[in-house]
Structure formats: C-alpha cells, structure tokens
2 protein chains.
Amino acid sequence: MAEKVTIATVAARAQVSRQTVSNVLNSPQLVREETRRRVEEAIATLGYRINQAARQMRTGRSQLLAVRIEPTRDGINGSVLDRFLHGLTFAAAAAGYRVMLYTADDDGDEIKTFDNLLASYDLDGFVLTGTDHGDVRTFWLAERGVQFVTFGRPWDEPERHSWVDVDNADGTAQATRRLIDTGHRRIGFIGWPSGSGVGDDRREGWQRTMKAHDLDPTGLDRGAADGIAQGAECARDLLTTAEPPTAFVCASDSLALGALQAAGGRTAVIGFDDTPVAQAIGLTSVSQPLPEAAARCIDLLIDHLDGHPVGTTQVLLEPSLMIRTTA
Amino acid sequence: MAEKVTIATVAARAQVSRQTVSNVLNSPQLVREETRRRVEEAIATLGYRINQAARQMRTGRSQLLAVRIEPTRDGINGSVLDRFLHGLTFAAAAAGYRVMLYTADDDGDEIKTFDNLLASYDLDGFVLTGTDHGDVRTFWLAERGVQFVTFGRPWDEPERHSWVDVDNADGTAQATRRLIDTGHRRIGFIGWPSGSGVGDDRREGWQRTMKAHDLDPTGLDRGAADGIAQGAECARDLLTTAEPPTAFVCASDSLALGALQAAGGRTAVIGFDDTPVAQAIGLTSVSQPLPEAAARCIDLLIDHLDGHPVGTTQVLLEPSLMIRTTA
DNA sequence: CTTTCGACTTTGAACGTTCAAGACCGTGAG
DNA sequence: CTCACGGTCTTGAACGTTCAAAGTCGAAAG
C-alpha cells in the first residue's frame, strides 16, 4: 500500500508550506506562477487528491448534493426520474459535486431527512422534484438558508425560489398543432382533474391552441387520475358523444395508452413524457429535455452555492414532439 | 441560528468527558448504565447528531456506498435499475449508510471513478450491476481491498466474490411451465445470442423445462440483440417454420413486445423483467424481486464492512411470474 | 494493611485541511 | 534614510471526532 499523500507530502516535495499548496488549489491567483507550477507538478507526480472530509471539517462544505429517489409510482412514469437522475449525476460530477440519494414516504418524512443529512453530512444543497402547491419543503429549506433548486415551478408564486421547468403548455400546444396540421378538427384532451399545476398547464396549451385555430374546445375535455384504465374510460366517454373527437392529446403516456386501447386505432393519440412505453409501442409523445433540465438545475444550484445570491432564477425549457406512429 | 452541538456540548451537559459520549455512541457496553442514560438524555434534548466528516477523518470510514447510474440503455429496461436503486437507498439508510451516484462511460472510466471516489470521499464500498465475463472492475477493487457486492454473478468463477442474483433459469422455467400448463406444446424461445451469462441462463431454463416435459426444443430457439424489432424478426422467423410455435418465452420485455406485435395476438407471449411497459400493456412477465435483491446486497456489503470477511457469500433469489393477459 | 484487579472514566494527541495572522522582501514615496 | 505597501509565502490554531494511554475508585486477594 502506498503511503497516504496529504497536502504536507506535496508541500515537502515542492519545497513550500502547506498553505501554499492549499492556495494553489483554492486561490491560485495568490501564488507566483513559478511556484504554482512546481506545486502542480508535485501534485501530479504524487497523485495527490484532496481529502473531502478534512476540507469539509474546516469549510463546512461537502460538495454533496442530495436528491430524493421515489419508488416508481404508477410504473409508467417513473423512468422520467431515472433519466433526470443520470443527467444530474453527470452534470454535478463535471462541476466537482457528487449526488447522494435519499428516500422519503412523504413531505414530513422528507423534512426529517433534510435535517439528518444537513446535520450529519453537511450537505450543500438539494434538488427537489415534483413540487406541489404551497410546498412545505421549500419553506423549511428557505427558512434555514439551505440552498435548493426545484425541477418544477412553484405554481402559487413563481419567483419565490429558483427552478427549472419544462413548458408543459407548449408541449400540448405542439401536440395539438401537429394534429391540426394533419387534418384533425375535433381534438379531445384527456388530462388530470384541475388543481394540479402541471395538469392545468398541459390542458391550457391544448385549449389555447384550439382557440387560436378557431376550433371550439368546449366539451372535448375530460379529467381523471393518472392511469391506463382512467385514460380508456375518458376516451370511451368522449367517443360516445354526439360529435366524437378524431384525435386525443393526453396529459401522460398512461392516459394515452388507455385512450389508444379504447379507441382501437381509430383515432390519433399523443401522449406526454416520452416514456419507454411510448418508445416501445410507437406512441407519439411530448418529450421533456431531461438531461438539459438536470444540467440547468445543477448550474443554478452551484451559482447559489458559489454565492451569487442576487435573487432567484427561473428557467423554462421547451419540450419537443417525438413523432411516431400514433399521430 | 442555534449554536452548533458537538460531542463537547453533550459532554458538558451530561457532566462527562468527550470520550464517554463517544463511547455511548460507539461502544455502549463500556459505559455504566446510569451514565449512558444521562448521556443519551443530553443527546436527545440537545438534538445532537454526529458529524460524519470529523468521524471519517479519524476512522477513515464515510458510511457512504456508491452505485453507478447508467443512461437508460434501450429505454425499456432502464426501469429495472430505477427500482433497484430505490431499494438500495432504502436499505442502506436503515443500516446507517447513504448511497452516492456516479456515472461512467465504460469499465475503464468506471475504474478511474473508483479511484477518485476512494481518494476524495473515502467510500466504504460499491454495489456493481451488470457484471460481464472476466469483469476488470471486480479485479481492480479486490486488488485494493475495497469491499463490493455485485448484483449479477461472475459467470466464470462463482465464488470469487460476494454477489446477489436472480435465478434467471428458474424464471424462464416458470414461464415455460405456465405455458405448458395452459396447453401449449410448441413453445419457442426468443433470446440473445449465446455468450452472455444472463442470456444463456434464461435460455437454459426454457430448454430444461421443455425436456423435462418430453417436449423437443430443437429448432424453436432464436437469438438476437435486445430490441423490439429484433423480437418481431425472430418471432416472424419462427412462425413461418413448418411447425410454428403457439407460444413464446422471451429473454426480455423488449423482445416479447416485438414478438407480440409480429404474432398479432395469435400466440401467447411471456416477457422478462416486468418493466413498466409490461404492466402497461398487460404482458405476462417474469418479475425480479428487486427490493429484496437490493436489501440483500446491502446486507452482504455491510457484513463485509463490519469485518466478517470469512470468505464470500452468494445469494440467489427466485423470480416470480406476473400473469397478465398475454399468457 | 497493602496490593492487584477490573470496571469505568478522563486526558492529550492526531486525522488533513483552511483560516487568521504575520513574516519577509523589494519598490517607490516622502 | 525611513516607512508604507503589495506581493508572496509561512506559522499556529482550529474544525469534531476517536485512538491510545493513563487515571480513579472500590472490592477482592494476599
């Protein structure tokens, strides 16, 4: 086993003091060019790597970010988180941070976990997903001055904290436009009951686009909990009206899948989230730019951590339509 | 902001020395009952939480485990990792450990990451997924005395290290038996080209079960890379033979989905992995007990970390058949 | 009565880093 | 000539924990 290489080893080798090595690492502008090179060379030849624990003890910063991993909820939408996580981990590593996972049963439990992680591991920040109206977690964190960024905006008060989100309305608008372009005039929307920020946003994109093309959305709109059965139910309901729609825009791939089954291939269907299921069965779906969203979350969080705390920043990303066989 | 609570704060409050508090935490049997209670009370009322960084600096242990998160490969099977990760995080937390993520492009890159993580964060152990024949990663880790457990066995030499795996052959055997029980006699197998441990194991379960029921598997077997198109291809190929099969056992849900499309509902199909796609479209599929697998990985790893290093341990778990509409 | 022992507790040092303070040196202003 | 100054580098202390060693005390043994 090779000897442990510390800052002192490097210092001895480069004939400087510990502090100078530390300065080369953290404030290179304080060190003379030639000295810096000598130290850097020593670091390279010795293979020195900074000891995070020791640094953390002094500075109180751990270079660690945390994200909650949820149990795959309804099975079909869980993969969104999976891809997002990969993006986060990748972007964080590029910035010298690492991502730690935690689980929680509910918001209260999650707050307890915040407390633990902060006390024991000195976490630098959190990335929260799936924010609700009046999210207690964000208040708790803000109160304690803990940095965080959410993926998903706070619907009640947009500028309360920094966030990254995908323009849901634009996604359904693109979907609706696609259907109009391919000749559809009666386009139904199958979404969630109103009250959820994301759901309402997705509905609004459809509605807005219909009106913009002088199409009347009245009565073409159904809402139910997320799920394949619910999607089928809504589709059947709409298909038995006097003037049934010829196409559906859906708020999720689950609902879309249900609609697809209920309609038996007679109507065009577009889903939302571009899950593996959509890719597998050829469902046209709105795709969120998850790697980019993750990267922007990390950017924002690190901006805050590095102390550019001038207010909050919001990032809204455009989704894109993955055109396959169902529309 | 409340004052920082350290071991010294607790010690003062409980009228004992730092070391005694430390002992209550780490070796309670050394401390007199009454003292222990006094200290525990002080810990509780002060809300003391141990500082991992400081502990780690002294002991060299971080209570951190690492897992690689892969980019969702072909989109359809990625969710396996997702569920496994959740299980890991949950089980680790219960044992006082946390899970850290990292990404890597290939095995070489992953080894570089090992090195970094070990040097900077003093990681305690790794959970590896998707081991290949002659996996370089496991040799690298073993050489350095780093603890790890793999999810997936080393096919060349089973007892080289500890692992947890699911009995793939048993999964396809269950699937085949189910088809036989429901009256099928000519049952085809669509898998991967031979050479991959997992793939060969899954093929073997089918073959063995066919023979055990006096059914001849000859010529009922196709292999291709994983994917929906490939599954469809194989199914079409088998269906155009002189005596076409009436049912398919497939090595993955992707292949199964292809087979399903190619057969147009005329044959029974069983997939493998019970992905969200299977749940969504009603595909009967072999389900791996992922939460349990994850928990056993953590158990094994922690056993090693706590220094019960008497050889290696292997755990083989039984999958279960999720019966839906396709078989 | 002294010694030994064991159960329990305390003390000082150390882990590797960065902060705060200060030392050194050559330059230019007064 | 003196002094202040900026640039560069060094020193001692501190972060919160645990290790190693030593101290205290009462009971049992000689």
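Just so it is clear, the model here is predicted, and its values are computed rather than measured. Every chain is numbered from 1 and lettered A, B, ... according to where its sequence line falls, protein lines coming before strand lines.
In this structure, Arg49(A) pairs ionically with Asp115(B), as a charged nitrogen and a carboxylate oxygen lie closer than 4.0 Å. With salt bridges taken as basic N to acidic carboxylate O contacts below 4.0 Å, one links Glu33(B) and Arg36(B). Ion pair Arg38(A)/Glu34(A) flagged as a salt bridge, since at least one NZ, NE, NH1 or NH2 atom sits closer than 4.0 Å to an Asp/Glu carboxylate oxygen.
With Phe139(A) as the aromatic partner, Arg160(A) meets the cation-pi criteria of under 6.0 angstrom to the ring centre and within 45 degrees of the ring axis.
Checking dG16(C), dT8(D), dT18(D) against the side-chain heavy atoms of Thr35(A) singles out dT8(D) as nearest.
Positionally, the nearest nucleotide of DNA chain D for Ala54(A) lies more toward the 5' end than for the other of Ala54(A) and Ile50(B).
Straight-line distance from the CZ atom of Arg38(B) to the C1' atom of dC8(C): 12 Å, rounded to whole Å. Atom CD1 in Ile7(A) sits about 14 Å away from atom C1' in dC15(C), given to the nearest Å. Summarising the geometry, the separation between CZ on Arg36(A) and P on dT8(D) is reported as 12 Å, rounded to the nearest angstrom. Rounded to whole Å, atom P of dA13(D) lies 17 Å from atom CE of Met57(A). Atom CG of Asp122(A) and atom P of dT18(C) are 15 Å apart (whole Å). Arg37(A) places its CZ atom 14 Å from the P atom of dT8(D), with the value rounded to the nearest Å. Counting to the nearest Å, the C1' atom of dT18(D) and the CZ atom of Arg61(B) are 13 Å from each other. Between Asn23(B) atom CG and dT18(D) atom P there is a gap of 9 Å when expressed in whole angstrom units.
Distances shown here put a side-chain N or O of Arg55(B) below 4.0 Å from the OP1 or OP2 atom of dT18(D). Applying the 4.0 Å criterion to OP1 and OP2 of dT17(C), one finds that Ser22(A) has every side-chain N and O outside that range. For the OP1/OP2 pair of dT18(D) and a distance below 4.0 Å, the side-chain nitrogens and oxygens of Asn26(B) include at least one atom meeting the criterion.
Between Leu64(B) and Met100(A), some side-chain heavy-atom pair lies under the 4.5 Å cut-off. Annotation: side chain of Thr129(B) is in contact with side chain of Glu70(B) (closest heavy-atom distance under 4.5 Å).
Consecutive Watson-Crick or G-U pairing (both distances under 3.5 Å) extending over three or more pairs maps onto DNA chain C as C:1-30 with D:1-30.
Note on ring orientation: taking the six-membered ring where Trp is involved, the planes of Tyr102(A) and Phe126(A) are perpendicular (angle over 60°, cut-offs 30° and 60°).
Between Gln29(B) and Ser27(B), the side chains place no donor N or O within less than 3.5 Å of an acceptor N or O (distance only, hydrogens not considered).
Interface residues of residues 8-20 of chain A facing DNA chain D, ordered by number: Val16(A), Ser17(A), Arg18(A), Gln19(A), Thr20(A); criterion, heavy-atom separation under 4.0 Å.
At a cut-off of 3.5 angstrom, counting only N and O atoms as typed in the model, there is a donor on one side and an acceptor on the other between the side-chain of Arg58(B) and the base of dA14(C).
By the salt bridge (Lys or Arg N to Asp or Glu O under 4.0 Å) test, Asp107(A) pairs with Arg137(A), sequence neighbours left out.
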